[in-house]
Amino acid sequence: MKIALIGYGKMGHMIENIATKRGNEVVATVDYVSPDAKYIVKSSQEGADVIAQVKPDVVIDFTHPDEAFNNIKAFLPLGMPIVVGTTGWTSRLKEVEELVKQNDNALFYAGNFSIGVNMFYRIIENASRLMAQYDEYDSAIWEAHHNQKADSPSGTALDIAKYVMKANPKKTEIVVDAFHTQPKPNQLHVSSTRVGNVPGTHTVFFDSNADSIELTHRARNREGFALGAVRASEWLYKGISSGTLPKGRLYTMDDLLSE
Ligand SMILES: NC(=O)c1ccc[n+]([C@@H]2O[C@H](COP(=O)([O-])OP(=O)(O)OC[C@H]3O[C@@H](n4cnc5c(N)ncnc54)[C@H](O)[C@@H]3O)[C@@H](O)[C@H]2O)c1
């Protein structure tokens with residue numbers, strides 16, 4: 001499979017490494033500034049021009065929260081399936097879904113491609129369902145990431161919050177800012193720390209007067225994210241090119257993991 005990598009930063013490099021080891025070919029590395037990228041561009045449209053020129057089988061985007069939407073919009077008309085790992089843009093998910101339909105293309109997105117994290121989501125949903133039976137337990141989410149991360153809370157923390165809320169109907173509102181009044185019981189606090197080089201830590205607390213349960217997923221490095229993104233790309237390309245996966249829709253880790 002021929003891959004165009006848009007964003008040749010920490011994740012782009014790791015993905016190139018893993019994709020190549022699995023027998024894929026990275027035909028373009030595209031970045032705004034990265035000195036070792038094959039193509040330096042200044043806009044999403046210039047990125048699209050490179051893709052049109054190198055004709056990859058799949059495009060993988062790990063760029064910046066402010067850039068992802070414009071990239072997606074510029075790349076979708078080219079017809080190659082797109083895998084997006086960039087976080088912090090999903091408030092525009094409905095628009096993206098519409099663009100994917102209009103262009104009859106396919107887009108796979110995940111705020112977190114790690115298999116461990118995706119299993120953690122399931123563990124959290126089950127744990128939340130169990131704990132929700134007991135009024136004395138409150139819940140909250142905390143995450144930590146390296147100090148170069150551009151968005152907070154992490155996409156993963158927001159996804160975890162959705163699983164907590166799905167399983168616990170008493171939590172109906174996410175609060176990501178600091179509290180200046182006493183939290184209400186329906187509010188789910190999602191807090192963030194930015195420090196050093198942490199690749200990603202997420203904890204869910206279930207807390208009562210008597211005790212506390214803390215469930216934590218701790219990434220050791222970026223390998224799990226990169227491997228998941230390459231797997232998703234291989235799966236999407238194979239499915240779209242063979243016609244077993246329909247075009248015109250979004251795909252997520254739930255689609256990949258339910259096979
Ligand atoms: N989904 C996941 O599993 C997962 C895992 C880790 C990181 N991420 C997300 O991936 C994104 C990138 O993370 P990173 O650690 O590689 O960041 P990074 O800053 O190391 O690299 C991003 C690169 O993208 C380049 N860039 C920005 N806009 C661009 C554009 N329009 N075209 C081409 N290049 C562009 C930047 O110059 C930079 O070199 C972030 O949003 C991060 O939160 C997702």
Side-chain angles (χ1 to χ4, degrees), residues 3-19 26 28-51 54 56 59-76 82-93 107-121 143-160 192 194 196-202 217-233 236 251-254 256-257:
I3 300 170
L5 274 179
I6 314 300
Y8 197 47
K10 292 183 280 298
M11 284 303 299
H13 282 84
M14 183 68 84
I15 289 170
E16 179 181 41
N17 193 358
I18 288 180
V26 174
T29 51
V30 181
D31 202 285
Y32 278 178
V33 290
S34 184
D36 54 346
K38 199 162 161 192
Y39 299 90
I40 298 293
V41 297
K42 291 193 191 68
S43 64
S44 297
Q45 188 49 52
E46 284 189 19
D49 294 343
V50 172
I51 297 169
V54 300
V59 177
I60 303 181
D61 185 297
F62 275 77
T63 56
H64 188 280
D66 297 340
E67 297 289 326
F69 179 79
N70 286 338
N71 279 357
I72 291 167
K73 202 170 165 188
F75 304 162
L76 277 172
I82 305 174
V83 173
V84 182
T86 311
T87 53
W89 59 272
T90 49
S91 58
R92 307 192 75 174
L93 195 59
L107 185 140
F108 192 119
Y109 78 98
N112 198 310
F113 278 102
S114 136
I115 299 295
V117 160
N118 282 276
M119 294 302 115
F120 188 63
Y121 291 152
E143 57 98 352
H145 278 88
H146 54 89
N147 57 20
Q148 281 146 46
K149 188 166 172 60
D151 55 325
S152 80
S154 67
T156 304
L158 291 174
D159 282 342
I160 291 171
S192 304
R194 294 290 170 260
N197 200 27
V198 181
T201 300
H202 294 86
H217 177 275
R218 189 171 286 114
R220 292 221 171 86
N221 50 46
R222 294 182 175 81
E223 223 176 281
F225 309 132
L227 176 60
V230 174
R231 273 198 186 132
S233 307
L236 186 66
Y251 290 91
T252 68
M253 289 299 276
D254 280 342
L256 176 68
L257 297 173

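Each ligand, and each atom within it, is numbered from 1 in the order the structure gives.
The two residues Pro65 and Trp89 have their closest heavy-atom pair at O-CB, 4.1 Å. Heavy atoms only, all atoms of each residue included: Tyr32 and Ile40 are closest at O-CG2, 3.2 Å. Contact between Asp31 and Ala37 at its shortest, heavy atoms only, is CB-CB, 3.8 Å. In this structure, Leu158 and Pro153 approach most closely via the heavy-atom pair CD2-CG, 3.8 Å. Taking each heavy atom of Phe113 and Asn118 in turn, the nearest pair found is C-ND2, 4.0 Å. Annotation for Phe225 and Ser114: closest pair CD2-CB, 3.8 Å, computed over non-hydrogen atoms.
Polar contact with ligand 1: present for Tyr32 (N/O pair, distance under 3.5 Å). In terms of N/O distances under 3.5 Å, ligand 1 is not approached by Phe225. Close N/O approach between Thr87 and ligand 1 is found [any backbone or side-chain N/O within under 3.5 Å]. Of the polar atoms of Asp31, at least one N or O is found under 3.5 Å from an N or O of ligand 1, judged by distance alone. Not one N or O of Thr86 is nearer than 3.5 Å to an N or O of ligand 1, by distance alone. Here's the thing with Lys10: one of its N/O atoms is less than 3.5 angstrom from an N/O atom of ligand 1. When only interatomic distances are considered, the shortest N/O to N/O separation between His146 and ligand 1 does not fall below 3.5 Å.
Within ligand 1, the atoms closer than 4.0 Å to a non-hydrogen atom of Ile6 are 32 (N), 33 (C), numbered from 1 in the order shown. Distances below 4.0 Å separate heavy atoms of Lys149 from the following atoms of ligand 1: 43 (O). Near Val30, meaning under 4.0 Å from any of its heavy atoms, are these atoms of ligand 1: 33 (C), 34 (N). Listed by number with element, the atoms of ligand 1 under 4.0 angstrom from any heavy atom of Phe113 are 1 (N), 2 (C), 3 (O). If you number the atoms of ligand 1 from 1 as listed, the ones under 4.0 Å from a heavy atom of Glu67 come out as 28 (N), 31 (N).
Here Asn70 has no heavy atoms under 4.0 Å from ligand 1, in either its backbone or its side chain. Contacts between Met11 and ligand 1 below 4.0 angstrom, taking non-hydrogen atoms only, involve backbone and side chain alike. Under 4.0 angstrom from ligand 1, there are no non-hydrogen atoms of Ser154. Looking at Gln148 against ligand 1, nothing comes within 4.0 Å, counting heavy atoms.
In this structure a side-chain-to-backbone donor-acceptor pair under 3.5 Å is present from Thr86 to Asp61. Ser34 places a side-chain N or O within donor-acceptor distance of the main-chain N or O of Tyr8, the cut-off being under 3.5 Å. In terms of modelled atom types and a separation under 3.5 Å, the side chain of Thr90 and the main chain of Leu93 share no donor-acceptor contact.
The closest non-hydrogen atom to atom 26 (N) of ligand 1, taken over Asp61, Thr63, Ile40, Asp151, comes from Thr63.
Rounding to the nearest 0.5 angstrom, the gap separating the OH atom in Tyr251 from the CG atom in Leu107 is 11.0 Å. Atoms CG and CG, from Asn197 and Asn221 in turn, are 10.5 Å apart once rounded to the nearest 0.5 Å.
Just one of Arg218, Arg194, Lys149 meets the salt bridge (charged side-chain N to carboxylate O under 4.0 Å, His left out) condition when paired with Glu143; it is Arg194.
Using a 4.0 Å cutoff on heavy atoms, Gly111 counts as a contact of ligand 1. At least one heavy atom of Ala110 sits under 4.0 Å from some atom of ligand 1.
In this structure, the protein non-hydrogen atom closest to atom 44 (C) of ligand 1 is Gly85 O, 3.0 Å. The protein non-hydrogen atom at the shortest distance from atom 10 (O) of ligand 1 is Phe62 CD2, 3.3 Å. Given atom 21 (O) of ligand 1, the protein heavy atom at minimum distance is Gly9 CA, 3.3 Å.
Side-chain contact check for His202 and Asn112: no donor-acceptor pair (N or O, by modelled atom type) lies under 3.5 Å.
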